[in-house]
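Okay, structure first, notes after.
Keep in mind that the numbers below use all heavy atoms, side chains included, and drop hydrogens, waters and symmetry copies. Lettering follows sequence order; numbering is per chain, from 1.
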Amino acid sequence: MKDPKDVFTFRRGDAVAAVLVVLTALCMIFVQLLGGAPSGQAGTAKVFRDGEPVMSIPLQKDGEYSVEGAFRNVITVKDGQIAITESTCPGGDCLRIGWISHPSRSIVCLPNRVEIRLEADPGTEALDAVVW
Amino acid sequence: MPWYGKGRGVMKTKDLTLMAILTALALVLSLVERMIPLEMLIPLPGVKLGLANTVTLFAIYWLNVPSASIILLARCLLAALFSGSLTELAFSLAGGTLSMLIMAAARRSKHLSVYGVSVLGAAGHNSGQIMTAVLFMHSVHILSYLPYLLLIGTACGLATGTAAAGVLRVMRPKQPAA
């Protein structure tokens, strides 16, 4: 196909660019999965603020916790799941993520610099070891 | 001579007015876009449709990269004023800068049309935002979101490119190309 003169018609290079980006993304996911992404049941949630761990929350007990940073996040644990249920941050993206219980997922509040990560119970991981 | 891409020189009032209108348009698009709860469907931090980039793309071709950059900067500042969030501003500027650098280079390639520029711009925007998030959160863990954002971004980039292409096609002057 000859590349047309106008800018608003699809060119072969566009498809190449799109495919390249998609491939790069897929490679990144592949590498992540290989590198031993966590699996298994989550037993504990670790809350980080500014990259520093500030609290460790067991998921077996229902409860409410508060994290203060630039804004305030209220974290609720219920039925083995965890979510940010209240937040004074603008935007409120963190509220919309909802409940998580699997270690592959995390909740992030960017304005408050807060991250909730789940850790699997030792012994329940699906992979025993990854050998290269 | 292509009918798009005005050269340098003293800015005409006409161009200034056009830039102001485009800024307002981009601002409205970015505000409206925030009302769509995309995070419900796709739980990624910072996921968005990028509707305002249609304006940026149009400006890159109809005007030039410096003008488009001014519009982008003004739009980000105003949007941050409206939302009252400085972190939002930081992320927009970071993503926007990387995106604009990539689009400026991509625009010059004869292998890429507005579709390709849009896709690469979207990829740059997401990358810039994630890198800033890594710095802010002091956590490399955030990088794990990047590939998923890139995938969504490519799709949205194609959509945005289609919109911009449509506008550019309609705006083509009726006289035969010189």
For the student: nearest non-hydrogen atoms of Y115(B) and F10(A), plus distance
CG-CD1, 3.4 Å
Yes or no on side-chain contact (heavy atoms from CB on, under 4.5 Å) for H111(B) and V16(A), after CA distance, side-chain angles and deciding distance?
CA-CA 9 Å; H111(B) 296 294; V16(A) 170; over 6 Å; no
More than 12 heavy atoms of other groups within 6.0 Å of L86(B) CG:
no
V117(B) with V167(B), same ILVMFWY side-chain cluster at under 4.5 Å
yes
Below 4.5 Å, heavy atoms only, C-beta onward: do Q32(A) and P147(B) meet side chain to side chain?
yes
Donor-acceptor side-chain pairing of S106(A) and Y145(B) below 3.5 angstrom
yes
Does some side-chain heavy atom of V119(B) sit less than 4.5 Å from a side-chain heavy atom of D14(A)?
no
Group every Ile, Leu, Val, Met, Phe, Trp and Tyr by side-chain heavy-atom contacts under 4.5 Å, then state whether L29(B) and L77(B) land in the same group.
no
My understanding is that only residues two or more places apart in sequence, or in another chain, count here; which of them pass side-chain hydrogen bond (donor to acceptor under 3.5 Å, both in side chains) with Y148(B)?
none
Could you name the residues of residues 87-95 of chain B that have a heavy atom within less than 4.5 Å of a heavy atom in chain A?
T87(B), F91(B)
When rounded to the nearest 0.5 Å, the distance separating OG of S109(B) from CZ of R11(A) is 8.0 Å
L49(B) and V55(B): same hydrophobic cluster, using ILVMFWY side-chain contacts below 4.5 Å?
yes
For a quick test of your reading: what N or O donor-acceptor pairs under 3.5 Å do the side chains of residues 16-28 of chain B make, sequence neighbours left out?
{"residue": "T17(B)", "atom": "OG1", "partner": "T13(B)", "partner atom": "O", "Å": "2.6"}
{"residue": "T23(B)", "atom": "OG1", "partner": "M19(B)", "partner atom": "O", "Å": "2.7"}

Turns out that what part of L112(B) lies under 4.5 Å from chain A's heavy atoms comes down to both
Could you tell me which portion of T162(B) (side chain, backbone, both or neither) has an atom closer than 4.5 angstrom to a non-hydrogen atom of chain A?
neither
Non-hydrogen atoms of P90(A) and S83(B) that approach each other most closely
CB-O, 4.0 Å
Side chain, backbone, both or neither: which part of V22(A) has an atom under 4.5 Å from a heavy atom of chain B?
both
Please answer: with hydrophobic residues joined when any side-chain heavy atoms are less than 4.5 Å apart, are L98(B) and V65(B) in the same cluster?
yes
Assert top hit (heavy-atom pairs under 4.5 Å, partner chain B, pool V21(A), I107(A), I29(A)) equals I29(A)
At a heavy-atom separation under 4.5 Å, does R49(A) approach chain B through its side chain, its backbone, both, or neither?
neither
To the nearest 0.5 Å, atom CE of M137(B) lies from atom CG of L110(A) at 5.5 Å
Toward chain A: residues of residues 149-157 of chain B with heavy atoms under 4.5 Å:
L150(B), L151(B), T154(B)
Top contributor to chain B contacts, counting heavy-atom pairs under 4.5 Å, from A18(A), C109(A), C94(A)
A18(A)
Do F136(B) and I142(B) belong to the same hydrophobic cluster, where Ile, Leu, Val, Met, Phe, Trp and Tyr are linked whenever their side-chain heavy atoms lie under 4.5 Å apart, directly or via other members?
yes
